Amino acid sequence: MSVIEIILPDGSTRSLEEGQSALDLAEQIGARLAKDALAATVNGELTDLSKPLPAGATVAIVTPASAPGREVLRHSTAHVLAQAVTRLWPGAHYAIGPAITDGFYYDFSLPGGARFSDDDLERIESEMRAIVTENQPFVREEYSYEEGLKVFSDQPFKVEIISGVRDGASPEDASEVSGSVVSAYYNSPTFKDLCRGPHVPSTARLGHFKLMRVAGAYWRGDEKRPQLQRIYGTAWESKEALAAHLTQLEEAEKRDHRRLGQELDLFSFPTELGPGLSVFHPRGGTIRRVMEEYSRARHVAAGYEFVNTPHITKAELFETSGHLHWYADGMYPPMELDDGQQYYLKPMNCPFHVLIFKARQRSYRELPLRMFEFGTVYRYEKSGAVHGLTRVRGLTQDDAHIFCTREQMHDELVSLLTFVLDLLRDFGLNDFYLELSTRPAEKAVGSDEEWREAETTLAAVAGTAGLELVMDHGGGAFYGPKISVQARDAIGRTHQLSTIQLDFQLPQRFETSYIAPDNARHRPIMIHRALFGSVERFMAILIEHYAGNLPTWMSPEQVRVLGVRDSHDDYAYAVAGALKSDGVRVVVEAANEPLGARIRRAKLEKVPYILVVGDDDVTNATVGINARGANDPERGVLLTDFRQRLLDEISTHGSPELARGT
RNA sequence: GCCGAUGUAGCUCAGGGGCAGAGCAGGCGAUUUGUAAUCGUCAGGUCGGGGGUUCAAUUCCCUCCAUCGGCACCA
């Protein structure tokens, strides 16, 4: 028997006999590692523990508490889910069941069109636990196409996958069916699944999982194909890791903007108005006003002109722009007037801004011409799509359109991108990456040359930001490609925020022109851009980012003053008056209740600064400061000092508690 | 739009074929408080809407609406 050398991740080498596996390697390294081992990476590729190792390979043992380890155990848990379902619903067809972030899912079609209900999850879960107890091995088998089709002849989704790869129709599945080899895993004589693997050695290695919910999902993600029953679950390497994940889900729920919007009295969705139509209460209205005022000031400084346009328009405008052709389904149906004229609620502001450009003849001297508007638009979102403030039917965009020459566009885009990122940072977001969305396969107008030029320009501009750039092929608008700024929030979720779109098409459709130095008409190009995207959605993202603890400059109520007894109320009002003269949003709550109760209420309302004033403060012109997120209150701070601290914090958009990490 | 779940007071929730419940919030009164809940009292409801079964429906059935979790969609 010949001996082979294996390289470990730290560069050291080990000798194994030919034909030995990663499990043998793990045993050689240590009993504990062998016990932990789930799978291996061989030359960077995940494989089963039992697979014989090739000579000279770099091998790492994959253990549960690692990203690849979790992926393997989640994927294996998905198989156990499928087996449990086939036991409980004989004749069930299973489609695909991958590992996903934090868990896994599996899609099924049940006999007789049966559907899972929430109660079924419990039954399925206990069946899964039985399978885990049975300690079933995962055994890999490989077949030719024809054998594979025979083995899975009673599973139509598997047959479709195998024959799709064989016929070259669905190359995306090629990894499950590599080359001409179909791979499958058996757990028991009764359950097998088409799968590229790898898997844990046995079901006994699983167990820290929980089924989360059932959902409908279209086969192949295609609305026109059958809807399957999807079960989502989460799975982890240990009881503790599972518990930590469930706790984290609860924490995320606590910062849900819909919940905080209710608790902090910011906004609501009166059922009288209809789905996706929000109203902002005074506190939410203040946050919104501060956001908008700050944005306006920055846009003025950046050379934008402010325009206003109506909410409805004749159909013709959106026929010319092309929106009606592509997006009629997403628009509110037209109002028909007596003379047969149709009017639409606007879903976009751009054509209006084009008309402003066209209102008179333009000279090259005016370019770049930057038109800004907080434009409220209405989109008929499908009923299942509306979601809090993040997906609504009436929204306000911080929308602007820049008209410039082709020569200007590159520099204009570069300075625009800087402007965008600076503004987002001022709102406390600072972890970004960029996405470049290119020409859609079908929904697109314009020539290949124009698209190429636009995409090349945007790619060059994106490169100047020094940020990670991700490609989103085919994700552009029908009239042009876009750069979008993606931001990670405080709990690591990413949100698509600002978009910058380059558009050669609308100026043509509207026959827009300016007079150039050569005294001839030239076509401007247009840049569409929104920084918040939608004011409503941006506010929702900020609320969740800060868990409702908005930085002082944005807080609806910045300071609340509490007298210890009602004999201190006069002083409390005097303190409030001084702060009000500084432009601070301050409220006094009179001493009708014990101090502790009033403090508690102010804390629950997430007021950044609670000032408590008593005898000492009246005498010494001081205040007691109980700052949001701070551990201990400060006593006896001179009012003049507090005013200065507060004004500094507000003007620098500071968030001391975020800095403290609370 | 599709699949599943949920809808009881302003909010959070209990109840389950036979008189509608709690805590918080709210009104009134008392209490005068130094850093996260003072006490008392009062009021508050077509049990999401409509239809059906029943002697009787908030409860069971159907349907519509809304919300939640997904899928699809997202200019």
Side-chain angles (χ1 to χ4, degrees), chain A residues 105 107 113 115-121 212-232 253 256 258-259 262-263 265 268-276 318 321-331 346-351 377 379-388 390-391 397 399 440 443 475-480 482 496 499 501 503 506 528 530 533-534 562-569 590-605 610-617 624-627 630 632-636:
Chain A
Y105 67 78
D107 288 346
R115 309 225 157 79
F116 295 123
S117 76
D118 282 6
D119 298 337
D120 293 329
L121 289 185
M212 303 300 281
R213 54 184 59 97
V214 308
Y218 299 104
W219 170 233
R220 298 286 197 191
D222 184 345
E223 201 175 5
K224 291 173 194 70
R225 308 188 73 165
Q227 190 169 44
L228 307 177
Q229 297 282 298
R230 175 172 297 179
I231 293 178
Y232 282 96
E253 208 171 301
D256 188 309
R258 293 165 298 182
R259 174 181 175 143
Q262 167 78 259
E263 288 174 358
D265 194 17
S268 59
F269 297 88
T271 53
E272 291 85 342
L273 300 187
F318 289 114
S321 71
H323 287 99
L324 257 176
H325 180 246
W326 298 111
Y327 293 107
D329 285 353
M331 292 168 66
K346 68 171 168 182
M348 286 295 279
N349 303 301
C350 20
V377 299
R379 296 177 178 183
Y380 187 70
E381 300 286 1
K382 288 182 186 171
S383 63
V386 296
H387 180 91
T390 60
R391 194 82 182 270
Q397 296 178 310
D399 205 4
K443 264 190 185 181
F478 70 85
Y479 47 75
K482 69 178 177 193
Q496 177 178 316
T499 58
Q501 299 174 348
D503 177 7
L506 282 193
H528 304 240
S534 118
L562 309 177
V564 174
R565 288 189 313 279
D566 58 8
S567 59
H568 306 121
D569 281 352
N592 294 322
E593 272 185 289
L595 183 62
R598 286 176 288 150
I599 296 212
R600 177 168 193 272
R601 190 174 311 123
K603 289 284 184 193
L604 291 175
E605 291 173 18
I610 302 166
L611 300 186
V612 173
V613 294
D615 290 333
D616 299 348
D617 300 297
I625 304 172
N626 189 331
D632 297 304
E634 289 178 75
R635 289 282 293 273

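All of these numbers come straight from a predicted model, not from anything done at the bench.
The P atoms of B:G48 and B:G7 are separated by 8 Å, rounded to the nearest whole Å. B:G15 and B:A56: their P atoms are spaced 27 Å apart (whole Å). Distance check on atom P: B:A9 versus B:C62 gives 24 Å, rounded to whole Å. For B:A75 and B:U53, the P atoms lie 50 Å apart once the distance is rounded to whole Å. Across B:G4 and B:A22, the matching P atoms stand 37 Å from one another, rounded to whole Å. Nucleotides B:C24 and B:A37 are separated by 10 Å at their C1' atoms, to the nearest Å. As rounded to the nearest Å, B:U67 and B:G51 have P atoms that lie 23 Å from one another. Taking atom C1' in both B:C42 and B:U35, the straight-line distance is 32 Å, to the nearest Å.
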Pull out every protein N or O sitting under 3.5 Å from an N or O of nucleotides 40-47 of chain B, one pair per line with the distance.
none

query: Going through the distances and angles, do A:Arg601 and A:Glu605 end up as a salt bridge (Lys or Arg N to Asp or Glu O under 4.0 Å)?
result: CA-CA 6 Å; A:Arg601 190 174 311 123; A:Glu605 291 173 18; 5.1 Å; no
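Nearest heavy atoms, A:Gln501 versus A:Tyr479: OE1-OH, 2.6 Å. Contact record, A:Ile610 with A:Ile599: CD1-O, 4.0 Å, taken as the closest heavy-atom pair.
Residue A:Tyr105 is classed as having no contact, given no heavy-atom separation below 4.0 Å to the nucleic acid.
For the ring pair (Phe, Tyr, Trp, His ring centres under 6.0 Å) test, no residue two or more places apart in sequence or in another chain qualifies with A:Phe269. Scored by the side-chain contact (heavy atoms from CB on, under 4.5 Å) test, A:Asp615 finds A:Arg565, A:His568 as partners (sequence neighbours excluded). Remark: A:His325 pairs with no residue by the side-chain contact (heavy atoms from CB on, under 4.5 Å) rule, at least two apart or across chains. For A:Asp119, the side-chain contact (heavy atoms from CB on, under 4.5 Å) partners two or more places apart in sequence, or in a different chain, are A:Ser117. Listed by chain and number, the residues in a ring pair (Phe, Tyr, Trp, His ring centres under 6.0 Å) with A:Tyr105 are A:Tyr232 (sequence neighbours excluded). Shown here are the salt bridge (Lys or Arg N to Asp or Glu O under 4.0 Å) partners of A:Asp256, two or more places apart in sequence or in another chain: A:Arg258. Residues satisfying the ring pair (Phe, Tyr, Trp, His ring centres under 6.0 Å) criterion with A:Tyr380, sequence neighbours excluded, are A:Tyr332. The side-chain contact (heavy atoms from CB on, under 4.5 Å) test applied to A:Leu273 returns A:Pro270, A:Leu277, A:Val279, not counting sequence neighbours.
Between the P atom of B:G4 and the CG atom of A:Leu228 lies a distance of 13 Å, rounded to the nearest Å. In this entry the distance linking CG of A:Leu121 with C1' of B:C3 reads 13 Å, nearest Å. Separating the CZ atom of A:Arg259 from the P atom of B:C11 is a distance of 15 Å, rounded to the nearest angstrom. In this structure, A:Asp265 atom CG and B:G26 atom P are separated by 12 Å, rounded to whole Å.
To the nearest 0.5 Å, the span separating OG1 on A:Thr499 from NE2 on A:His528 amounts to 9.5 Å. Annotation: the span from A:Ser321 atom OG to A:Phe478 atom CZ amounts to 5.5 Å, rounded to 0.5 Å.
In this structure a side-chain-to-backbone donor-acceptor pair under 3.5 Å is missing from A:Arg379 to A:Arg391. Of the possible polar contacts, none joining the A:Arg115 side chain to the A:Gln229 backbone as a donor-acceptor pair under 3.5 Å is found.
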- request: Convert the base pairs of RNA chain B into dot-bracket notation, remembering that pairs crossing earlier ones are written with [ ] and that bases paired across to another strand are shown as |; include only Watson-Crick or G-U pairs under 3.5 Å.
  value: (((((((..((((....[..)))).(((((.......))))).....(((((..]....))))))))))))....
- request: Produce a footprint string for nucleotides 30-36 of chain B: one letter per nucleotide, 5' end first; B if the base is under 4.0 Å from any protein heavy atom, S if only the sugar-phosphate is, - if neither.
  value: -BBBBBB
message: For a quick check, with a 4.0 angstrom heavy-atom cut-off, what is the B/S/- contact string for nucleotides 68-75 of chain B, read 5' to 3'?
response: SBBBBBBB
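For B:G1, one of the phosphate oxygens OP1 or OP2 lies less than 4.0 angstrom from a side-chain nitrogen or oxygen of A:Ser383.
Against the 90° criterion about 0, the sugar-base torsion of B:C19 places it in the syn range.
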